[in-house]
Number of protein chains: 2
Amino acid sequence: MSIGPKQALYAEFASVARALGSQHRLEILEHLAQGERGVEALAERVGLTIANASQHLQQLRRAGLVASRRDGKFVLYRLADEAVLGLMAALSDVAQRNLAEVDRIRRHYFDDRDSMEPVSREELLARTRDGLVTVLDVRPPDEFAVGHLPGAVNIPLSELESRLAELDPDHEIVAYCRGPWCVLSFEAVAALRARGFRVRRLEDGLPEWRAAGLPVENA
Amino acid sequence: MSIGPKQALYAEFASVARALGSQHRLEILEHLAQGERGVEALAERVGLTIANASQHLQQLRRAGLVASRRDGKFVLYRLADEAVLGLMAALSDVAQRNLAEVDRIRRHYFDDRDSMEPVSREELLARTRDGLVTVLDVRPPDEFAVGHLPGAVNIPLSELESRLAELDPDHEIVAYCRGPWCVLSFEAVAALRARGFRVRRLEDGLPEWRAAGLPVENA
DNA sequence: ATATCATTCAAGATAATAATTGAATATAAT
DNA sequence: ATTATATTCAATTATTATCTTGAATGATAT
């Protein structure tokens, strides 16, 4: 049945789609969008055994979604391409538009914590020039270290309650994390609002900021 | 393992990706991008039994990729959304960039028949205003009937050899068909060049023309 | 060389998906 | 009402994907 070049191409395209067709692999891709990562770190964060994570990574590699390099005894994986992020965005866009369940989850969880419009990247750029805004990165420190918004303060969500003193109550805060579906910034917004801070979320997360060609610091 | 809202969302996104993860379903989507179609017509064109095509269509519907309506005793399917076309474009983009096999097929088949740059939609629009170009739709007549480029001539590829007289040899010809992976326009270009016609392909196909907001005729 | 650590491979159990067949609905025509 | 047609459902079998476990590879450090 797979005669014809069109059929052969569609078979290839389908193999890419199948590689995206797993909750775990999508989550792995979200983490890789932050920057390079080893197998063990990914396995732990996604909640897989190392052997299993390794197999998922190889499926992603065969599908051309990730690439890898060896660094000493570690193997570091990364997204193959900026286009991969675009593909994931297109996927979530279609799912959001057409699957009622997605809408239900969004309203029930996300809108509950922050129903405000997120701050656009352009708006944040303009406001940081005035210096009256604190950019807050609530991801774990190792992800912050690989790359973050210029001038951002890193307080991981888990430490937020105990480090409130580091935040200037007179500044508006703009919080961000891994991307549009990362819960960290939503939790941070809810927690900080309850403490009286003026805080909004940045649209999307670091990978999308970087993909937009905006500057990233990795000191 | 699927606690958390992020996991729940990714599970939904993955279900959309799995629906795209089949050669046959991608081909069905290509046909639906031309316009509404019944189950039997789709089954025949994609080379599936009717029952099987019906099941694939329902997977696509569950994934929010297609919608359907009943018209008398026929059930007509269509793409759920313009965003679906964008998702397929993103999918083929990633596959083209990162899978060597895709490149091999393209060079071996497509570039062999037409290694020239395709005509962009903008260029075609400009040239049709001068009236010196014949726009040639080489899809089957029923697809042409559902929608085609303004002023296009419909000669299905299968009848091209016998209807060469209808083409003015002084006009440049711009041929198009279903989309970037449809072989019809490539075959048409190769056949017409061999006959001495000046002919190029339009970039992509009718669905992308429509998605760009350009006018479509369906007389 | 040997030991150690990170990663991958291989084998097997379980679950999900695909295609086929024949029966069941739902609408239209007689 | 009955018949015909289009589509869907249900049951079956074959194929493919997932996860687990334990062993094998590759690179570094002792």
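Reckoned from all heavy atoms, side chains included, excluding hydrogens, waters and symmetry mates. Order of the sequence lines fixes the chain letters, A, B, ..., with proteins taken first and strands second; residue numbering starts at 1 for each chain.
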Classify every nucleotide of nucleotides 17-30 of chain C by which part a protein heavy atom approaches to under 4.0 Å, writing B for the base, S for the sugar-phosphate alone and - for neither, in 5'-to-3' order.
SSSBB-----SS--
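Nucleotides of DNA chain D with any atom under 4.0 Å from a heavy atom of chain B span, from 5' to 3', dT5(D) to dC9(D).
The ring pair (Phe, Tyr, Trp, His ring centres under 6.0 Å) analysis of residues 94-114 of chain A, with sequence neighbours excluded, yields the pairs Phe110(A)-Phe186(A). Evaluation of the salt bridge (charged side-chain N to carboxylate O under 4.0 Å, His left out) test over residues 205-219 of chain A, restricted to residues two or more places apart or in two chains, returns none. Pairs engaging residues 47-75 of chain A under the salt bridge (charged side-chain N to carboxylate O under 4.0 Å, His left out) rule: Glu36(A)-Arg69(A) [sequence neighbours left out]. Identified under the ring pair (Phe, Tyr, Trp, His ring centres under 6.0 Å) test for residues 37-72 of chain A, with sequence neighbours left out: none.
Side chains of Gln23(B) and Gln7(A): a donor-acceptor N/O pair is absent below 3.5 angstrom, by distance only.
Annotation: side chain to side chain contact (heavy atoms under 4.5 Å, CB included) contacts of Glu40(A) (sequence neighbours excluded): Ile50(A). With sequence neighbours left out, Arg18(A) forms a side chain to side chain contact (heavy atoms under 4.5 Å, CB included) with Ala14(A), Ser15(A).
Between Ser54(A) and the phosphate of dT8(C), there is a side-chain N or O to OP1/OP2 separation shorter than 4.0 Å.
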If you look only at distance, which donor and acceptor atoms sit under 3.5 Å apart when one is on a side chain in residues 151-159 of chain B and the other is two or more places apart or in another chain?
unit_1: Asn154(B); atom_1: ND2; unit_2: Asp137(B); atom_2: O; d: 2.9
unit_1: Asn154(B); atom_1: ND2; unit_2: Arg139(B); atom_2: O; d: 3.0
unit_1: Glu159(B); atom_1: OE1; unit_2: Arg163(B); atom_2: NH1; d: 2.6

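Note: CZ (Phe74(A)) to P (dT4(C)) measures 17 Å, nearest angstrom.
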